[in-house]
Amino acid sequence: MAYYLDLFSPETYEAFTNSNRDISGFRLRQKNAASRIAVGDKLICYMTKLSRWVGVLEVTSKWFEDKTPLFYETDDPFVIRFKVKPLVWLPKDKAFPIRDERVWRRLSFTRDYDQEYPYWTGKLRASLNQLDEKDGQFLEQLLLDQAEREEVFPVDEREYQKLLAHRVRGLDKTVTVSVPQDSEIEMVTVPATEVRESIKVQALLASIGAKMGMRIWIPRNDRNSVLAEWKDYQETLLDKLPLNYDETTLRTIEQIDVIWLKRRAIVRAFEVEHSTSIYSGILRMADLLALQPNMDIKLHIVAPSERREKVFQEILRPVFSLLEKGPLYECCTFISYESVQELAKLKHLAYLSDDVLDEYAEEAE
């Protein structure tokens with residue numbers, strides 16, 4: 001028997017709570033991870049945004065694919081499913097906060113970090129990550145005890161409602177959107193230290209791609225700064241994009257912070273955000289998809305871990321969820337600065353596929 005992570009957003013937590021609680025679902029891209037799960041394994045459930053442990057589910061079947069709407073009325077994305085038996089499922093005001101010292105100092109991936117230090121979140125990057133056996137046993141017993149004890153951890157309902165995304169009907173499908181409150185929309189002066197950090201991350205992304213055999217595009221305005229950090233750019237840095245698009249599209253593409261190309265095709269595009277508003281890069285990605293709705297590339301917003309939720313909130317805005325191509329969140333993911341630094345330390349990058357990035361990418365919905 002093994003323990004695995006099962007992530008819930010506030011909206012999927014509510015959907016599961018209001019269901020029969022006998023099916024847990026995952027996205028199609030998690031089919032390979034699902035194949036590792038065996039009957040009898042246990043899913044330790046964690047609610048993102050609220051940052052609380054909410055339940056334990058025992059797997060009672062092998063995975064199966066079922067597109068019948070279950071968690072959403074239409075266009076349910078969680079089609080890789082398991083039958084489960086809930087051993088514990090806690091109301092949100094009794095779910096156990098991960099930052100409670102009784103939890104924080106016991107888990108292998110948090111106890112060595114300050115609570116404001118972002119590296120610990122890497123373990124909670126995606127559902128179906130396997131948990132250390134001692135962590136799994138501890139969390140299972142903690143939640144079983146909490147079901148009996150029913151200690152209350154108050155939740156501000158008004159703040160909780162802000163965490164919930166909403167479903168709206170687009171032209172051909174139902175999509176998830178987020179509507180930020182006026183107080184959440186901010187513009188600030190960016191410290192020079194943050195700008196320098198973003199340049200270092202831009203250079204790391206260029207270096208990682210080059211080692212994987214990609215050709216690299218960096219906007220001309222950023223080149224001097226980036227090349228001061230990235231020394232081995234010879235023969236991989238492009239002076240001109242080898243693309244046949246109209247002038248407006250090319251101008252848009254040329255401004256993207258880092259692009260990986262193979263032959264004459266874009267493989268991945270990255271916007272490195274250092275502004276608190278987390279808006280300009282997302283807007284550029286949306287502009288690109290609006291200009292070329294048939295373009296099939298993977299897009300990434302790269303920002304510090306502490307801005308993860310702000311990135312997700314912006315990606316889920318209605319204007320980005322109702323694009324002709326489909327919602328931006330279906331092809332644009334978040335990668336933290338810390339994950340880029342982890343990637344850069346991987347050995348044998350030259351022998352790895354760019355698919356390894358998908359292990360570090362986090363989806364908004």
Side-chain angles (χ1 to χ4, degrees), residues 118-119 189-245 247-285 287-288 295 297-305 307 311 332-357 360-361:
Y119 277 1
T189 301
V190 183
T193 53
E194 287 194 31
V195 176
R196 286 196 295 272
E197 183 67 15
S198 74
I199 291 294
K200 289 180 180 179
V201 171
Q202 207 172 344
L204 278 178
L205 286 167
S207 176
I208 292 166
K211 289 176 181 177
M212 288 183 174
M214 305 290 176
R215 294 195 292 171
I216 308 300
W217 172 264
I218 302 290
R220 299 186 191 285
N221 289 344
D222 295 346
R223 289 195 177 191
N224 288 342
S225 299
V226 172
L227 297 184
E229 301 287 340
W230 176 35
K231 306 297 185 182
D232 302 324
Y233 60 86
Q234 291 82 1
E235 299 182 10
T236 56
L237 180 66
L238 292 168
D239 189 57
K240 183 177 180 181
L241 284 169
L243 305 173
N244 294 318
Y245 292 114
E247 184 178 352
T248 302
T249 299
L250 283 173
R251 281 188 175 182
T252 301
I253 294 172
E254 286 173 352
Q255 297 306 309
I256 294 173
D257 287 334
V258 183
I259 299 175
W260 292 2
L261 299 96
K262 189 171 288 187
R263 299 183 181 88
R264 297 175 62 85
I266 297 175
V267 177
R268 293 178 186 264
F270 306 84
E271 278 290 344
V272 182
E273 290 288 16
H274 53 75
S275 61
T276 302
S277 65
I278 309 290
Y279 197 75
S280 61
I282 297 174
L283 187 59
R284 191 170 291 123
M285 296 300 198
D287 285 346
L288 178 58
M295 183 177 282
I297 61 175
K298 294 186 177 181
L299 310 175
H300 307 284
I301 302 298
V302 183
S305 289
R307 294 180 184 161
V311 171
C332 185
T333 58
F334 170 81
I335 299 178
S336 69
Y337 278 14
E338 297 76 19
S339 291
V340 174
Q341 291 158 0
E342 282 183 47
L343 272 164
K345 293 175 184 176
L346 291 180
K347 296 180 179 179
H348 312 302
L349 278 171
Y351 301 99
L352 295 178
S353 161
D354 70 285
D355 289 343
V356 71
L357 268 75
Y360 294 84

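Throughout, residue positions are numbered sequentially from 1 according to the sequence presented.
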Q) Quick one: does Thr236's side chain get under 4.5 Å of Arg215's, heavy atoms only? A) no
Q) Would you call Leu261 and Met214 a side-chain contact if the rule is heavy atoms closer than 4.5 Å? A) no
Q) If you look at every heavy atom in Ala361 and Thr333, which pair is closest and at what distance? A) CB-OG1, 3.3 Å
Q: Could I get the full list of side-chain contact (heavy atoms from CB on, under 4.5 Å) partners for Leu250, not counting sequence neighbours?
A: Leu243, Tyr245
Q: Apply side-chain contact (heavy atoms from CB on, under 4.5 Å) to Ala344 and list each qualifying residue two or more places apart in sequence or on a separate chain.
A: Leu204, Ile208
Q) Just by distance, do the side chain of Gln255 and the backbone of Pro219 share a donor-acceptor pair under 3.5 Å? A) no
Q | Student check: side-chain heavy atoms of Val302 and Ser336 closer than 4.5 Å | A | no
Q | Working for side-chain contact (heavy atoms from CB on, under 4.5 Å), residues Ile301 and Cys332 | A | CA-CA 7 Å; Ile301 302 298; Cys332 185; 3.7 Å; yes
Q: Decide yes or no for Ile199 and Glu229: does some side-chain heavy atom of the first lie under 4.5 Å from some side-chain heavy atom of the second?
A: yes
Q. Which pair of non-hydrogen atoms, one from Arg220 and one from Asp239, has the smallest distance, and what is that distance?
A. NH2-O, 2.6 Å
Q. Do Trp260 side-chain atoms and Leu205 backbone N/O form a donor-acceptor pair below 3.5 Å?
A. yes
Q.
I'd like to know whether CG of Asn224 has more than 12 heavy-atom contacts from other residues, nucleotides or ligands below 6.0 angstrom.
A. no
Q. Atom CG of Leu349 and atom CE of Met212: how far apart are they, to the nearest 0.5 Å?
A. 5.0 Å
Q: Could you tell me whether the side chain of Ile297 reaches within less than 4.5 Å of the side chain of Leu288, counting heavy atoms only?
A: yes
Q: Could you list the residues that satisfy side chain to side chain donor-acceptor pair (under 3.5 Å) with Arg251, not counting sequence neighbours?
A: Glu247
Q: Please name the pair of heavy atoms, one in Ile282 and one in Val311, separated by the smallest distance, quoted to 0.1 Å.
A: CD1-O, 4.0 Å
Q. Closest heavy-atom contact between Gln202 and Ile218?
A. NE2-CG2, 4.1 Å
**Q.** Heavy-atom donor-acceptor pair, Trp217 side chain to Leu237 backbone, under 3.5 Å
**A.** no
Q) In Å, rounded to the nearest 0.5 Å, how long is the span from OG of Ser198 to CG of Asp222? A) 8.0 Å
Q.
Quiz question: by atom type and distance under 3.5 Å, do the side chains of Thr249 and Thr252 form a donor-acceptor pair?
A. no
Q) Does some side-chain heavy atom of Trp230 sit less than 4.5 Å from a side-chain heavy atom of Leu227? A) yes
Q: With side-chain contact (heavy atoms from CB on, under 4.5 Å) as the test, would you mind laying out the steps for Ile259 and Ile216 before giving the verdict?
A: CA-CA 6 Å; Ile259 299 175; Ile216 308 300; over 6 Å; no
**Q.** OG on Ser339 to CD on Gln341, rounded to 0.5 Å
**A.** 9.0 Å
Enumerate, atom names and distances included, each donor-acceptor pair closer than 3.5 Å involving a side-chain atom of residues 263-271, sequence neighbours excluded.
| unit_1 | atom_1 | unit_2 | atom_2 | d |
| --- | --- | --- | --- | --- |
| Arg264 | NH2 | Pro242 | O | 3.4 |
| Arg268 | NE | Asp354 | OD2 | 2.7 |
| Arg268 | NH1 | His300 | NE2 | 2.9 |
| Arg268 | NH1 | Asp358 | OD1 | 3.3 |
| Arg268 | NH2 | Asp354 | O | 3.1 |
| Arg268 | NH2 | Asp354 | OD2 | 3.1 |
| Arg268 | NH2 | Asp358 | OD1 | 3.3 |
| Glu271 | OE1 | Arg284 | NH1 | 3.3 |
| Glu271 | OE2 | Arg284 | NH1 | 2.9 |

Q: Can you measure from CD (Glu273) to OH (Tyr337) and round to the nearest 0.5 angstrom?
A: 8.0 Å
Q: Determine whether Ile253 and Leu241 make a side-chain contact, defined as any pair of heavy atoms from C-beta on separated by less than 4.5 Å.
A: yes
